[in-house]
Amino acid sequence: MWRKLSLALVLFGVVGLIAWPQVKNPDTMVVVTIGDIETLDPAWAYDTASGEAIFNMYETLIFFKGASSTEFEPMLATAWEVSPDGLVYTFTIRSGVKFHMGGTLTPADVVYSFHRALIQDRSGGPIHMLTEVLLDVASIGELAEAVGDGGAFQAIQDAVKLVGDKVVFTLKFPFAPFIQILAGTWSAIADKEWVIAQGGWDSTANWRNWHDPAAEESELFKTANGTGPFKLERWVPGEEISFVRFDGYWRAPAKLARAVIKVVDEWGTRLAMFEAGDADIIAVPRAYVAAMDPLVKAGKARLFGPNPGAVSQTGFFNFKVKDGSPFMPLLAGVAKPDLLADVHLRRAFNYAADLDTYIKEAWLGEAFKLRGPVLEGRLGYNKDQPILGFDMEKAQAELRLAWDGTVWKSGARITITYNAGNVQRKFVAEMIERNIESLNDIRRNEGFRIPIAVEVLEIPWPSYLKYMDDSQLGIFFIGWMEDYAHPHNWVHPFMYRTGAFALGQNFDVMKDVAFAPVYATWLPAKTYATLQALFDELVDLAKKEPDLKKAELLYFELNRLAVENSINLASLMTTARHYEQVWVKGWFYNPSFPGEYFYNLAKG
Amino acid sequence: MVAFIVRRLLILPIILFGVTVFVFGVFSFLDPVMRASLYVRDVPKTTDALQRIIAKYGLDDPIHIQYWRWINQVVRGNFGWSKTAQRPVLQAIGHYLPATLELALWAMIPVIFIGIWLGILSALHHNRALDHTTRVFALVGWSFPSFVYGLLLLMVFYAMLQWFAPGRISDWVIREVIAGTFIQHTGMYTLDAILNGRLDVFGDALRHLVMPVITLSYIQWALLLRVTRSSMLETLRQEYVITARAKGLKERVVVYKHAARNAMIPVATMGGLLLIGLLNGVIITETVFNYPGLGRMAATAATQLDILTVLGITLFSSVLLVFGNLAVDILYAVIDPRIRLE
Amino acid sequence: MKTVKRLLKNPLSLTGLVLLLFFVGVAIAAPWLAPPARSWEPYRVAQHGFAPTPAPPGVDNPLLGIWQVATGQAKLAQVRPFGTTEGQYDIYYGVVWGTRTAFKVGLYITGACVLIGLVVGSIAAYFGRWVGEIVMRITDVFMAFPFLVAAVTVAAVLQPVIGRGVVTAMVALICFGWMTYSRLIRGDILAVKERDYVLAARAAGAGHLRILVRHILPNAIFPTMVVASMDIGSYVISFAALSFLGLGAEVGYADWGQILSFARAWIPRLNQYWWIILYPSLAMLLFVLAWNLVGDALRDILDPRLRGRITV
C-alpha cells in the first residue's frame, strides 16, 4: 500500500514538475532589495526601506522637483509663502484630493498629521527635526517636562495651525532647510478621521497614550491610507510589500498597475532573479558590480551611475578615549587617552591615506574626496579648500613632531574600528595601517625598536553602538546619510557638541584655541576656551544666518577649521549605481528619494 | 511504562525553566546599549534616543527582574513581539513553522528510503564492491559541510541549468493565494495543492523543494545508512536467521520478513538523532536557499540579538526535542520486548 | 597496539591516516609554504590590493606555482596558485594556514568537550544519587537545545562582548558539545564501577581518584576516542557553518569556512569564479573525510563494545 502511495506521489510530482506554466507580469514592477520595512507609519519611520514604501503611498505638501534635492514643486499644497523674517510659512491646500479609503483631503488633515507626528515623537525617530525647528526642543518629552503635557499641547497648537483654510507653520528661528524637511516622509499627510477610527490620537490634550509607541503599537504600523498614486495591497514583513494603482489619484493615474518590493538578502539570488527576468530592479552591492557589467555590455541590463549619494564615509578621531576602553591608545606602552588630541598625529594619518588608489580599487573610481564635513553640491562646500593629500614624506615628518617626538621614539598603539559588514571601510583602515606601519622600518634603522602599531578591528553593530555612545573608540570609520540637503545636517553631527559624531570625539580637550577668520571676515578674531566652543558658536551662527552669502562663508569657515584641525580621516562622498532591466522606463536619480518612486516608472 | 512517561513529563517544565534561564543568562552578558541595538539600527541622530529606548524596554533592569517580567507575560500566553519577524513571537513561529515542517517531512522520504534501503543492501553485500561504494558515498556526505553542498547544487541546477530555483514558491502562486483562488488549509503548499486539486501549484512547490531537500537529507541518510548497515550485519549473524535459511525459506523472505524487521529496532532509536539533525540542518539549508522557515528566522534573530524571538524558538524546539525523545523511547520499548523502561 | 595494526590494514582507514599525515605536514610547513607578510600575524590572509573582483590563479599549473612560492622563486602576489577572493585575499594562503586553524579548532573543541564531559560525567557517576540526578538534569537542559541554534545564539551574543573571532565560535561550540561525552563517561563508569577488579581495588584501600584514573578511565577511553575522532571532523564543519553565517572567524582570517563564505556571493557566476569554491571545499572535504575514515574504521574494529549505544 505504501509502495503504491509513494509511486503515486512520485508520478504526481514528476508531472507537476514538468507542467508549470509560464507567467508574464507586464504591468508589475518588481524591485528586489535588502533591508526590511520597519513600519508603514509615516511619523515613525526613519529608515529608507520604510521610507520607500511610504513615499509611494502617502504624499507631502511639496515634492522634489525632478532630480533636485533643493527645489520643490507643489504637491498637496498648491502655493506657499514665507514671511520676510523667515518664521512663518503659509500653505494653501489643494482641493479635490482623495484618500485611498475614500476620505477627502482637508486642511484639517494636514494640521492633524503634523500634530500627531509631534506628539508621537518616538525615541530615535525623525520628528526631532520638526521639534527642533517648531518648538526649539530636542523632543516633545523635553518640552512636556518643562511646561507640562498641557503646555506642550498648547505649543503644538501654536506651531502648526489652521488660519482660515490655510495651514500656518510658525518656526522658533529662521531655518532655510525647513522647506526640505516638509518634503520628507515624516511630513506625510494622513486622513484624520480615518486615523482616529483606527484607534489613533483623538486630537485632545490627553496625548500621552500615543506618545513614543513601539513600532508595532502604532495604529498605522501595517495599514496605510494616503493620497499617493499607489495603495497598499499586501505587506508580509520580511518578505515583500505590494502596491496597486490608485485610480482615484488627483493626478493622472500611474502607468504601472502594480508594484512589488521584495526582500532578498542573498546577492546570488537577486542576480539570478534579474537574469531570469523575475526582477526589474535589484540592489547591487558595490563589491559585486563586476557581475552586472557584462550584462550591461550585452545589452541585457541598463546602468545609471555613479550617482552621488547623500552619503559619506569618514574616519573620526576621538580626542579622549574613556578609561577602561579596550581600544585605549598607548604611548610607549602606557595608556594615553588623549593620544589623538595631537594634531601632528592626526595629520600623519591623513597623509598616510592613499585615497586615490583606494578609490580606484575599492570604489572603481566612483567616490570623491571631501573637503570638510559639508557634502559636495551643498551650500557651503568649498571646492578650493586645500586638503591633505597622500604624502609619506610629510606623514613621516608629522609623526616625528607628534607629542614632541615621543611617538616617534617610544612607539605607540592606535586602534581603528569599523562596523561589521562593510568591507570598504575595512580596506581604507588596513591601507592606512599598512602605510603607517611601513614607517617602522625607518624607525628601526634609527634604533627605535618598539613599533608604532595600528590595529584594525571589525566590531559588530551592538558593540559598535555601545562603544561609540560611551566614547571608548579610538579612530572609528562609519557612514552618514543626510536627512535633508543642507550643510547644517553635516556640520551638526560632525562638529556640534551634541552632534552624532562630535559627541564621541571630545573636542573640548583642546583648550585655548585661537581663531582668526579667513572667509567670514566680519567675525572678530578671538580665543575660545575650547575647540568645541569655537565649533558650536560657528555652527549656531551659520544655522541662524538668513543671508545666503554670509551663511556660505560661515560654512567655508567651518570646513576650513575641520580640515586644518584634521578632525576627520579619509573623508569620502560615496556613490551608488542603479541597475535595471532594459524594459524599465522613466527612471531618474534624485538623492533625496528613499527608494524607487513608482509613479515615474513604466514597463515595456 | 506509565510511570516512566509521567516522570519524563514532570521533568519537562524543569528543563524549559533551565533553558530559558540559560538564554537570559547568556544575554545578561550584553550591555543595555548593546541590547538596544536591536531597535537602533543606525547612528542615533539625537543624544537621548538610546537612553529612551533602554528605559522604554527596561533593558537596564537587573536580569532577574527582566526574567520575571517575561515569565509573567508568558503565562498569560504573550510571548512578546518579534522584531525580527515583525509579528508576535507565537504568530511568527506559527507563520514559519509550516514551511520548515514541509521541508523536514519531504526530507524524511529520501532519508528513510535511501538510508534504510541502502543500509540493508550494503549489509547484504558485506565487504563487496557495493558495500564499499555506499560506505564511501555516505562518508563523503558526512564529511561535506551542508552549505557547500547547497552552494554547489545552486550552481549546477539553478545558475547553469535553471531547472530549480531558491525560495519557497513562485510569485504567481502568491498572487493566487491573495486573490483567493487558492485556499491555504495547512500552510504547506504541497499538501494544500492536493487539497485544492492544483497540479501546477504542487509542481511549483516541489520544484522549489528539490534542492533544499537533497541538501538537508544527505547528512541524515548517511547517518541512517551506517546504523542500518551495522544493525543488519549484526542481525544476519543471529541464529534464527541461520535457522530460517536452513529451513529452506526464500532469501527474500529471510531478509525482509525476519532479519530486517529486527534490525530496525536500533534504527528506530535513531529517530531522536534524526530530529536533532533536521533541526540543526534547517538553519543552514534555509539560509542558503533563502527558504522562509524557522531555521532562517532563528539565524536572523540570533545575529540581531532579538532575545524574545530566540526564547520563543528555543522553547519551541526544546519542547519538540523532549517530546520527540520521549516518543522514540516509547517506540523503542514497544518494538523491542527486551527493553523495559524504568 | 592491535588496534593500530588493524587500522593500517583496512584500506579505508589507511587512506584516512595518510590524508591526516598529509595535512599535518602542510600545517607544520605552513610558514615555508606560504610565508606570512607580517610574522606576528600569520593568520591574516595575504591580500593583493583591494579590488572587489576575484582574480584567477596566476599560473596554469597550481603545483608549479606552489613550488615557486615555497622555494622563494616568486612572490605570492604574482603567482596566486589558487587565485583570490573578492578583496584579493589569497586563497592558497588561506588554505595552507587554514589547515592549522582546522586542526586547532577541531582538537581544541573536541579536547575541551572531552575534558568537560569527563569531569561532569565522573561527578555524575561517582558521587551518588542526588548529585548524579542534578548533574544529569543540567545535562538534559543543555541537550534540550538544538545544537546549531544554540551555538549560533551563544556566538551571536558573545560576539559583541568578546569580539568576533575564532575564540567566540569555539566557546559557543564547546558550550553545547560536551554533553555526549559526559553521558558516555558516566555510562562507562557506572558499568565498570561494580566490576570485580574495581571492587578488589577498593577493598585494597585505593582512593576514588586512583580507581578512576587507573582502572575506569583506561577502559572508557576507546569508545570516547571513536566518538571524538568523528567529532573532530564535525566540529570543523560546524565551525565553518558559523563562519558562513558571519559568526565565526573574522573576515580575512585564515579559515576554510571564512573563505567559503565569500563564494556565496558568486554562485550565479561560479563557473567563472570556480577557484573560490574548489580549493577550500576540497581541503575541508579531505580533512573531515580523513578523520571520519579513521573514526569509522575505529568504530568497526571496536564494534562489539558499542552495540546498543547511541552515539553521534
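Proteins get letters first, then strands, A, B, ... in listed order; numbering begins at 1 in each.
- Within 6.0 Å of atom NZ in B:Lys56, more than 12 heavy atoms from other residues, nucleotides or ligands are found, so the atom counts as buried in its surroundings.
- With chain B as the partner, the residue from A:Pro460, A:Gly499, A:Ala214, A:Gly125 showing the most heavy-atom pairs under 4.5 Å is A:Ala214.
- Annotation for A:Asp121 and B:Arg52: closest pair O-NH2, 2.8 Å, computed over non-hydrogen atoms.
- Looking at A:Glu38 and B:Lys83, a side-chain N of the basic residue comes within less than 4.0 Å of a carboxylate O on the acidic one, giving a salt bridge.
- A:Glu275 does not touch chain B: none of its heavy atoms, backbone or side chain, sits under 4.5 Å away.
- For A:Leu503, the part sitting under 4.5 Å from any heavy atom of chain B is the side chain, from C-beta outward, and nothing else.
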Which is it for B:Asp31 and A:Asp470 under the side-chain contact (heavy atoms from CB on, under 4.5 Å) test, yes or no, and what are the steps along the way? CA-CA 11 Å; B:Asp31 190 89; A:Asp470 208 21; over 6 Å; no
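- Here the closest non-hydrogen pair linking B:Val43 and A:Trp480 is CG1-CZ3, 4.5 Å.
- Heavy atoms only, all atoms of each residue included: A:Pro237 and B:Tyr96 are closest at O-OH, 3.9 Å.
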Should B:Leu50 and A:Lys466 be marked as a side-chain contact (heavy atoms from CB on, under 4.5 Å) after you check the CA-CA gap, both sets of side-chain angles, and the distance that decides it? CA-CA 10 Å; B:Leu50 272 176; A:Lys466 173 195 152 63; over 6 Å; no
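- Chain B forms the most heavy-atom pairs under 4.5 Å with one residue out of A:Arg234, A:Met273, A:Glu240, and that residue is A:Arg234.
- Across A:Pro462 and B:Met34, no two heavy atoms sit closer than the pair O-CG, 3.5 Å.
- The shortest non-hydrogen separation linking A:Glu239 to B:Pro292 is OE2-CB, 4.1 Å.
- With a threshold of 4.5 angstrom between heavy atoms, A:Met468 approaches chain B through side-chain atoms but not through N, CA, C or O.
- If you measure heavy-atom distances from A:Ile37 to chain B, the contacts under 4.5 Å come from the backbone alone.
- In this structure, the portion of B:Arg87 lying under 4.5 Å from any heavy atom of chain A is its side chain and not its backbone.
- With a 4.5 angstrom heavy-atom cutoff, B:Tyr57 touches chain A only via side-chain atoms.
- Summarising the local packing, CD of A:Glu145 is surrounded by 12 or fewer heavy atoms from other residues, nucleotides or ligands at distances under 6.0 Å.
- Your options are A:Glu233, A:Glu142, A:Arg258, and the one with the most heavy-atom pairs under 4.5 Å with chain B is A:Arg258.
- Both the backbone and the side chain of A:Asp212 come within less than 4.5 Å of a heavy atom in chain B.
- Heavy-atom distances place the side chain of A:Lys262, and not its backbone, under 4.5 Å from chain B.
- To the nearest 0.5 Å, the span separating CG on A:Asp265 from CG on B:Asn290 amounts to 7.0 Å.
- Considering only heavy-atom pairs separated by less than 4.5 Å from chain A, the leading option among B:Leu38, B:Leu30, B:Thr190, B:Thr47 is B:Thr47.
- Shown here are the side-chain hydrogen bond (donor to acceptor under 3.5 Å, both in side chains) partners of B:Asp48, two or more places apart in sequence or in another chain: B:Thr46.
- Contacts of A:Arg497 with chain B are absent, with no heavy-atom separation under 4.5 Å from either backbone or side chain.
- With a threshold of 4.5 angstrom between heavy atoms, A:Phe221 approaches chain B through side-chain atoms but not through N, CA, C or O.
- Minimum heavy-atom separation, A:Ala500 to B:Pro44: CB-O, 3.5 Å.
- Put simply, the side chain of A:Trp461 gets close to the backbone of B:Val40: a donor and an acceptor are under 3.5 Å apart.
- Comment: A:Asp47 does not engage B:Arg41 in a salt bridge, judged by the lack of any side-chain N to carboxylate O separation of less than 4.0 angstrom.
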